[in-house]
Undergrad: 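The structure under discussion is supplied below as structure tokens; questions concerning it will follow.
Just so we're on the same page: letters track the sequence lines, and every chain starts at 1.
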Number of protein chains: 2
Amino acid sequence: MSQPSAPAPARRYHHGNLKQALLDAADAILREDGIQGLKLRAIAKRAGVSHTAADPHFGDLSGLLSELAAVGFERLSEAMAQPLPADVPAHANPSGQRIAHGYIGFALANPQLFVLMFRRDVLDRSRPRLQAATATAFQALSSAAGALDGAPNTGPLALPVAGSLIGAWGLVHGIAMLAITDHLSPLLDRVAPSPSPGRWVDAALSAM
Amino acid sequence: MSQPSAPAPARRYHHGNLKQALLDAADAILREDGIQGLKLRAIAKRAGVSHTAADPHFGDLSGLLSELAAVGFERLSEAMAQPLPADVPAHANPSGQRIAHGYIGFALANPQLFVLMFRRDVLDRSRPRLQAATATAFQALSSAAGALDGAPNTGPLALPVAGSLIGAWGLVHGIAMLAITDHLSPLLDRVAPSPSPGRWVDAALSAM
DNA sequence: CCTCCTTCTTTCTAATGGAAAGATAACAGG
DNA sequence: CCTGTTATCTTTCCATTAGAAAGAAGGAGG
């Protein structure tokens with residue numbers, strides 16, 4: 001009775017799925033404790049392994065965090081494909097509006113992960129998965145934002161077209177970052193009645 | 001001959017101006033090595049004191065970094081009062097345009113400091129100097145951006161007005177952050193001839 | 001001159017990332 | 001089945017870090 005036919009998922013010397021387990025542990029810690037909690041020892045402990053067990057899979061801490069950031073960009077791409085929140089009326093350019101709300105909504109729902117995704121100092125951007133996930137997300141964003149200008153996904157770009165892409169991306173990115181770093185509450189607290197995130201985000205977007 | 005009448009500025013037990021000297025040292029290290037280099041020991045060594053000498057002046061490392069961030073916000077306020085770069089033609093709302101270029105120009109000229117100013121995790125936002133400097137900078141920014149809407153500096157705010165303030169601030173902040181984290185070069189490299197920062201920033205701003 | 005209090009140094013501790021070496025298991029070929 | 005090879009994981013060790021604690025140095029006011 002001590003030899004289960006289904007292998008016990010824990011306790012084995014070779015974990016079998018440690019890479020994913022470490023990513024899951026890091027994801028959970030990121031939600032609970034923020035980036036501060038993403039220590040090699042804490043992640044490994046949560047996955048039930050020693051603090052150097054991540055070495056063969058990720059190289060070093062920045063490798064692990066980069067893969068986690070890649071997961072974030074993959075989720076961001078999905079979020080930008082979601083429909084608008086219910087309390088936001090659609091207006092002109094509904095595609096761009098949907099992408100913008102998806103971008104900012106993802107950031108507000110996953111603030112720590114979003115910050116990590118842009119923490120250049122702790123990431124190793126040469127990681128293939130991170131490069132791919134980043135490219136995919138920004139492709140989705142700029143194809144929607146640039147549809148108005150007929151901007152191609154590659155090749156030469158006229159300055160005004162590049163400008164409109166940068167402006168659109170900067171707008172949603174800046175709103176997200178300012179909200180996450182808690183720089184907007186002094187402004188939003190002066191608005192009565194207190195608007196839902198979807199509503200004030202839409203107010204900011206449609207003002208531009 | 002070993003007792004100079006003019007006190008040697010270094011070597012004294014009581015430094016006399018250690019607080020400013022530590023800020024200067026931290027500022028220099030930030031420029032040279034980035035935020036990574038802002039270790040208590042490195043800063044203290046550069047100022048010629050032991051690694052705990054900052055304690056009486058700043059409490060802990062976050063106290064020191066917060067004062068440095070406050071210096072950053074003070075400089076940002078000055079930058080937003082500067083005239084437009086020479087290669088940028090003025091158009092409608094020149095006041096807002098000037099503020100925007102000042103904001104982004106400051107970020108591009110002091111990327112490490114700008115990132116530090118918004119690194120919520122390493123700052124102690126209860127520091128009076130940081131609170132004051134932040135408030136001043138954002139007052140300057142929003143008074144110019146809100147002039148069009150006649151937004152008061154305090155008191156209740158209608159949602160569309162708050163939205164336009166958030167949109168304007170988010171736009172410049174996002175452009176600055178994306179540029180600093182090196183997410184715009186894939187786009188800008190597709191523009192020929194390579195535009196100066198002032199030109200592409202203006203292209204992004206006037207697209208919105 | 002004497003005492004108090006701030007400033008700064010020395011010393012110590014706990015925590016961290018990572019290097020190095022070794023143990024363990026999976027897997028291949030004979 | 002048996003043995004050598006390789007990737008995975010553990011143990012141990014080290015340098016570096018922030019900060020606490022205690023004490024020395026020196027200025028300020030009585």
Side-chain angles (χ1 to χ4, degrees), chain A residues 3-4 6-26 29-30 33-69 116 119 121-124 127, chain B residues 2-26 29-30 33-69 116 119 121-124 127:
Chain A
Q3 58 273 40
R11 294 291 164 189
R12 292 202 316 251
Y13 189 98
H14 282 79
H15 186 287
N17 202 17
L18 183 56
K19 187 168 183 174
Q20 187 58 45
L22 286 168
L23 284 178
D24 292 344
I29 289 175
L30 182 61
D33 304 336
I35 296 185
Q36 309 276 11
L38 286 180
K39 317 285 190 185
L40 211 39
R41 281 168 153 87
I43 300 168
K45 183 174 184 180
R46 184 159 188 140
V49 293
S50 70
H51 83 280
T52 54
D55 258 48
H57 300 286
F58 298 101
D60 60 359
L61 179 60
S62 74
L64 201 165
L65 300 187
S66 301
E67 298 263 336
L68 184 56
L116 175 67
R119 276 288 297 276
D121 53 335
V122 297
L123 298 182
D124 174 4
R127 288 248 150 193
Chain B
S2 57
Q3 59 275 37
S5 56
R11 297 288 165 192
R12 292 202 313 252
Y13 189 96
H14 282 81
H15 186 287
N17 200 18
L18 183 55
K19 187 167 184 175
Q20 186 60 44
L22 286 169
L23 283 177
D24 292 343
I29 289 175
L30 182 61
D33 303 336
I35 297 184
Q36 309 276 9
L38 286 180
K39 317 284 189 186
L40 211 39
R41 281 167 155 84
I43 299 168
K45 184 174 183 180
R46 184 159 189 140
V49 293
S50 70
H51 82 280
T52 54
D55 259 47
H57 300 286
F58 298 101
D60 60 0
L61 179 60
S62 75
L64 202 164
L65 299 187
S66 301
E67 298 264 336
L68 183 56
L116 174 67
R119 276 288 297 276
D121 53 336
V122 296
L123 299 182
D124 175 5
R127 289 246 149 196

Undergrad: Rounded off to whole Å, could you give me the CG-to-C1' distance for the B/D124 and D/dA18 pair?
TA: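 Interatomic distance, CG of B/D124 to C1' of D/dA18: 16 Å.
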Undergrad: Starting from P on D/dT17, measure out to CG on B/L65 and report it in whole angstrom.
TA: 14 Å
Undergrad: Among residues 48-60 of chain B, which ones have heavy-atom contacts with DNA chain D below 4.0 Å?
TA: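 Contacts with DNA chain D under 4.0 Å: B/H51, B/T52, B/D60.
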Undergrad: When the distance from NZ of A/K45 to P of C/dG17 is rounded to whole Å, what number comes out?
TA: 14 Å
Undergrad: To the nearest angstrom, how far is B/L64 atom CG from D/dA18 atom P?
TA: 11 Å
Undergrad: Using only heavy-atom distances, decide whether a donor-acceptor pair under 3.5 angstrom links the side-chain of A/R41 to the base of C/dA15.
TA: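 Side chain to base: no pair below 3.5 Å.
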Undergrad: Whole angstrom is fine here: how far is it from CG in A/L22 over to P in D/dT10?
TA: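 Whole-Å distance recorded here is 10 Å.
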Undergrad: In the structure I gave you, are the side-chain heavy atoms of A/L61 and A/V122 within less than 4.5 Å of one another anywhere?
TA: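 Result no, sub-4.5 Å side-chain heavy-atom pair not found.
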Undergrad: Just the rounded figure in Å: distance from P of D/dA7 to CG of A/N17.
TA: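 After rounding, the reported distance stands at 19 Å.
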Undergrad: Out of B/L68, B/D33, B/L64, which residue meets the side-chain contact (heavy atoms from CB on, under 4.5 Å) rule with B/L38?
TA: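 Passing option: B/L68.
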Undergrad: B/Q20: what forms a side-chain contact (heavy atoms from CB on, under 4.5 Å) with it, not counting sequence neighbours?
TA: B/N17, B/L23, B/D24
Undergrad: For residues 50-65 of chain B, pull every pair meeting side-chain hydrogen bond (donor to acceptor under 3.5 Å, both in side chains), keeping only residues two or more places apart or in separate chains.
TA: B/D60-B/S62
Undergrad: Whole angstrom is fine here: how far is it from CG in B/L61 over to P in D/dT16?
TA: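 The distance from CG of B/L61 to P of D/dT16 comes to 18 Å, rounded to the nearest Å.
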